[in-house]
Structure formats: structure tokens, C-alpha cells
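For this chain, numbers begin at 1 and follow the sequence in order.
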Amino acid sequence: MKHIFLEAHNLKNKFSGFGQFNYHLIKGLAQQDLSGLDLTLNVKDISGLKDEFGNTFSYKKYKSITRHKPFRIKKKYDLWHCLNQNIKVEPFYKIPYLLTVHDIHFVTEGSEGLQAKLRKQFEKKLKRATAITYISEFAKKDVHDHFEVPEVPEHVIYNGNTITNTSVPESFSPNMVPKQPYLFSIGDFSERKNFKSLVEMLRFLPEYNLVLSGNDTTLYAEGLRELVAKHSLNDRVFITGKIGDTEKNYYLQNCEAFVFPSLREGFGIPPIEAMRFGKPVFLSNNTSLPEIGGEQSFYWDHYEPEYMASIVTDGLETFYAHQNAYENWYVARAQSFNWETTAKRYLKIYRSLL
């Protein structure tokens, strides 16, 4: 029996990007043939995972103190999988180590001191790695552009689509329902997600409302609300806060389009979720988004408000002129990103490293 440790404590924030990755990868692994392998999940909520996965996995209670070197986990696992590049929990001994890299936003975000600190942490991870996986070709290129990468096996493995069931109960209605056709976006309320550009754009799209979902308790969210008030758009911009799967499905099912002007993405799952509903997708033409969005999505090259509005107007006109073809392409594109396929590729790497 080979013992594999999955550092998955980000499951404590299940609806964050890392939390979604951890959960759906683990769920995909649970559906595979794990004979000869004992996978240990390092998680905070053991009981909830045991209820879902039973004895498929072993479990270790996550303790924050294990982030500190003297208290690191001392069991010599046959393979340690670090599920994202920011994790501070590391093995005590030098053992085979798989590092998954989602993004390296820290090279440009935050203070110079914070950037230097995070660069140093990441460099240690790279030196420790026996193999590296990236969630996009862009993420791989970005790492190579900014760091000296060791000569170890490298793999690009796309994330899966988190939405497989698009149904919404007929009786369901969220608390906020726009009266006009609306554009929808979801994500962290942060500078990187660039939601303010959508508010500015909305001034030139009087026929549409805008629904924004995600963690709205940030300083960026405060500034966003001030911008909405400044332009007298309080009756047209709906900020929902965090939402559950049913609410998300409702907004995706009923929106006119999904809009995602992010400045930097390692992958970008929300556009794939929107595609599953056959919705037209408008994206920033940067980082990983063209790679994920494909040739039938619509792209902004910059964020001047009137220009952004024209891309949406022209894009929707093109979409509705060929609606069936676009809808079929989007759905097929979304279905091509599959967590079972993702899990199979990770499992193949596990076995190769063992």
C-alpha cells in the first residue's frame, strides 16, 4: 500500500476558487480505482467528508500550527500533493512532492515586502517539487517567465466544470431579481476581478441591469458601491453577496450574458459554468482567459466603458444571429472540461511518481 497525502485544508472555504478545486478533484478521485493507494485528506471538517466519501479516503485533522517548521507533519508519506502554490503546510522530511500551481498573482499584487515574502515561499516549493502541475498553459508560462523552474516533470491539467446539473426548481426565485434583462458576473470583489469596469460600462447599456455575486465585504466592494451611487445606478446594479449553487444556476440560466473583465486569471472557472448554460461569454483578452474561452467567446482588449459596451452590443447581435450554433458550441466547450478526466490525469501522475 502506497500512502499519499493531499494537503487540502482549503476545503474549509468550499466556495472559494481553491476550495472548489480541492472538493471537485477529491470527488473525482473518489470515483477512480484507488487500489493499492491510501489517500489521506488533510482537512478541517473530517465528519462532513466522511459522510460523503466514507472509507474511500483516510483523514487527518488540519491544525494551523503545522504551518510552522518545528510542528510540521512528520509521517513519511510516499507522496505529498500540495494542492495550491500558497499553502504553508509542508512535510517535515524530504519526500516525493507534487506541486499544483494555479496562479502567481503575488508577483504583481500587494506591497513590495509581501511580494518578496511570497516569492521566497514559492521558490522553496519549486526547489522541493518532484513534479509540477499547472491548471493552464498560461500558468506554466507565467511561472517560467518569473522563476527558475527545476528540471522535473511538468504537466498542464485543466480544471473541470463544476456545474453538471443546470436545473433550477420552477418555484425558486432569489432575493434579488432584476426587472430588466441583465448581465451577470461572479467572483471575489477585488481589484483583479475589475468589477468597476462593468459599472462604468453599464452607463452605455441602458437596456440592461447588472448582477454581481461574491464576497462583498471587502474594501473594493465599498468602492464599488460608491461608484454605483455616483452614477445613480442603484436601481440597475444588484450586488447579491455570496450565493449558493441554486442561486448561481438561476442567474446563469436567466442572464443575457456572462461578463468577466478580470485582469489576471490562472484558469477562470466561472466562464466555463456560464458556457454550460449556453450563454454568450464576454472576457478580458489576457492571461489564461482566451485559452479557456476559446474562439467563440467575445473579448475586450481594454476597459474604456463605451468600447466595452460596444463589444457587448455587437457580440449579442452576433450571438442571436446564430444562436443555436453558439449555444451548442458553448455547451460542448463546457462539457469538455471534466473533473473525472482531471482526476484520472492526477491519478496517473501519482502512480508515475510512486
Count I, L, V, M, F, W, Y as connected when their side-chain heavy atoms are under 4.5 Å apart, and connections chain through other members. Are L41 and L34 then in the same cluster? yes
Decide side chain to side chain contact (heavy atoms under 4.5 Å, CB included) for L233 and L210; before the verdict, give the C-alpha distance in whole Å, the side-chain angles of both, and the deciding distance to 0.1 Å. CA-CA 10 Å; L233 294 172; L210 174 66; over 6 Å; no
Within 45° of the six-membered ring axis of F147 and under 6.0 Å from that ring's centre, is NZ or CZ of R119 located there? yes
Give a yes or no on whether F282 and L263 share a hydrophobic cluster (residues Ile, Leu, Val, Met, Phe, Trp, Tyr; joining criterion: side-chain heavy atoms under 4.5 Å apart). yes
Determine whether S185 and L198 make a side-chain contact, defined as any pair of heavy atoms from C-beta on separated by less than 4.5 Å. yes
Could you pull out the closest heavy-atom pair between P178 and N209, with the gap in Å? CB-OD1, 3.5 Å
Here the side chain to side chain donor-acceptor pair (under 3.5 Å) pairs for residues 303-312, sequence neighbours left out, are S284-Y303, N286-Y303
Can a donor-acceptor pair be found between the side chains of S47 and D45 at a distance below 3.5 Å? yes
Greater than 12 external heavy atoms within 6.0 Å of D145's CG: yes
Rounded distance [0.5 Å steps], NZ in K60 versus CD1 in I73: 5.0 Å
After noting the C-alpha distance and the side-chain angles of R225 and D216, does the key distance pass the salt bridge (Lys or Arg N to Asp or Glu O under 4.0 Å) rule? CA-CA 10 Å; R225 290 188 176 91; D216 62 343; 2.7 Å; yes
Can you tell me how far apart NZ (K61) and NZ (K44) are? Round to the nearest 0.5 Å. 7.0 Å
Taking C-beta and beyond as the side chain, do F106 and F122 meet within less than 4.5 Å on heavy atoms? yes
Check M176 against I239 and note the closest heavy-atom contact, atom names and distance. CE-O, 3.3 Å
Would you say E327's side chain and N324's backbone share a donor-acceptor pair under 3.5 angstrom? no
Derivation of the side chain to side chain contact (heavy atoms under 4.5 Å, CB included) call for I46 and L49: CA-CA 5 Å; I46 290 178; L49 290 168; over 6 Å; no
Testing the basics here: between A129 and L99, what is the closest heavy-atom pair and its distance to 0.1 Å? CB-CB, 4.3 Å
Calculate, to the nearest 0.5 Å, the distance between atoms CZ and CD1 belonging to F267 and I157 respectively. 12.0 Å
Would you indicate whether K94, at its atom NZ, is surrounded by more than 12 heavy atoms from other residues, nucleotides or ligands within a distance under 6.0 Å? no
Give the intermediate values and the outcome of side chain to side chain contact (heavy atoms under 4.5 Å, CB included) for residues E137 and K140. CA-CA 5 Å; E137 292 289 350; K140 179 180 178 180; 4.3 Å; yes
Do L316 and Y208 make a side-chain contact, defined as non-hydrogen atoms from C-beta onward lying under 4.5 Å apart? yes
Heavy-atom pair with the smallest gap, counting every atom of G294 and W329: CA-CH2, 4.0 Å
Would you say the side-chain atoms of T218 pair up with the backbone N or O of F189, donor to acceptor, closer than 3.5 Å? yes
Which atom names give the shortest non-hydrogen contact between C82 and I87, and what distance separates them? SG-CB, 3.9 Å
If you count the non-hydrogen atoms of other residues, nucleotides and ligands that lie under 6.0 Å from CG in D51, is the total more than 12? yes
With the 4.5 Å side-chain cut-off for hydrophobic clustering, are I186 and I269 part of the same group? yes
I want to check something: taking the side chain as every heavy atom from C-beta on, are F92 and K75 in contact at a cut-off of under 4.5 Å? no
CA sep, side-chain torsions, deciding dist, call: K196, E200, salt bridge (Lys or Arg N to Asp or Glu O under 4.0 Å): CA-CA 6 Å; K196 289 180 182 178; E200 296 284 3; over 6 Å; no
Examine distances only and state if a side-chain atom of R236 and a backbone atom of R203 form a donor-acceptor pair shorter than 3.5 Å. no
Heavy atoms from other residues, nucleotides or ligands near CD of E207 exceed 12 (cutoff 6.0 Å): yes
E291 (side chain) donor-acceptor with S136 (main chain) under 3.5 angstrom: no
Using modelled atom types and a 3.5 Å cut-off, is there a donor and acceptor pairing between side-chain atoms of T342 and backbone atoms of Y158? yes
Any donor-acceptor pair under 3.5 Å linking the side chain of N194 with the backbone of P261? yes
Should Y59 and L83 be regarded as members of a common hydrophobic cluster, given that ILVMFWY residues are connected when their side-chain heavy atoms come within less than 4.5 Å of each other, either directly or indirectly? yes
Output every pair passing salt bridge (Lys or Arg N to Asp or Glu O under 4.0 Å) with a member in residues 262-283, not counting sequence neighbours, ordered by first then second residue. D142-R264, R192-E265, K193-E265, K248-E273
Value rounded to 0.5 Å, distance of CG in D245 from CG in N165: 9.5 Å
Any side-chain heavy-atom pair of F195 and V237 under 4.5 Å: no
Scan the side chains in residues 2-11 for donor-acceptor partners under 3.5 Å anywhere in the protein, sequence neighbours excluded, and list what turns up.
{"residue": "H3", "atom": "ND1", "partner": "D38", "partner atom": "OD2", "Å": "3.0"}
{"residue": "E7", "atom": "OE1", "partner": "H9", "partner atom": "ND1", "Å": "2.7"}
{"residue": "E7", "atom": "OE2", "partner": "H9", "partner atom": "ND1", "Å": "3.3"}
{"residue": "E7", "atom": "OE2", "partner": "N42", "partner atom": "ND2", "Å": "2.6"}
{"residue": "N10", "atom": "OD1", "partner": "N84", "partner atom": "ND2", "Å": "2.5"}

Just checking F172: does its CZ atom have more than 12 heavy atoms from other residues, nucleotides or ligands closer to it than 6.0 angstrom? yes
Rounded to the nearest 0.5 Å, how far does CG of N215 lie from NZ of K242? 5.0 Å
L126 and E148: which non-hydrogen atoms are nearest, and at how many Å? CD1-O, 4.1 Å
With respect to Y97, which candidate in K125, H81, K127, R128 satisfies the side chain to side chain donor-acceptor pair (under 3.5 Å) definition? K125
Between Q85 (side chain) and H102 (backbone), is there a donor-acceptor pair under 3.5 Å? yes
Please tell me if the side chains of F258 and P270 come closer than 4.5 Å, counting only heavy atoms from C-beta onward. yes
Passing option when S297 is tested against V281, L289, N285, I292 for side chain to side chain contact (heavy atoms under 4.5 Å, CB included): V281
Side-chain donor-acceptor pair under 3.5 Å between H322 and Q296, yes or no? no
Count the heavy atoms belonging to other residues, nucleotides or ligands that lie under 6.0 Å from NZ of K63, then report whether that count exceeds 12. no
Applying the side chain to side chain contact (heavy atoms under 4.5 Å, CB included) criterion to V259, which one of W300, F184, F298 satisfies it? W300
Less than 4.5 Å apart, any side-chain heavy atom of F18 and any of N86? yes
Within the structure provided, determine whether V312 and F204 are in side-chain contact (heavy-atom separation under 4.5 Å). no
Between the main-chain N or O of P206 and the side-chain N or O of Q180, is there a donor-acceptor pair closer than 3.5 Å? yes
Side-chain H-bond candidate by donor/acceptor type, Y346 with Q32, under 3.5 Å: no
What is the distance from atom OG of S336 to atom CD1 of I272, rounded to the nearest 0.5 Å? 6.5 Å
Same hydrophobic cluster for V156 and F138, using side-chain heavy-atom links shorter than 4.5 Å among ILVMFWY? no
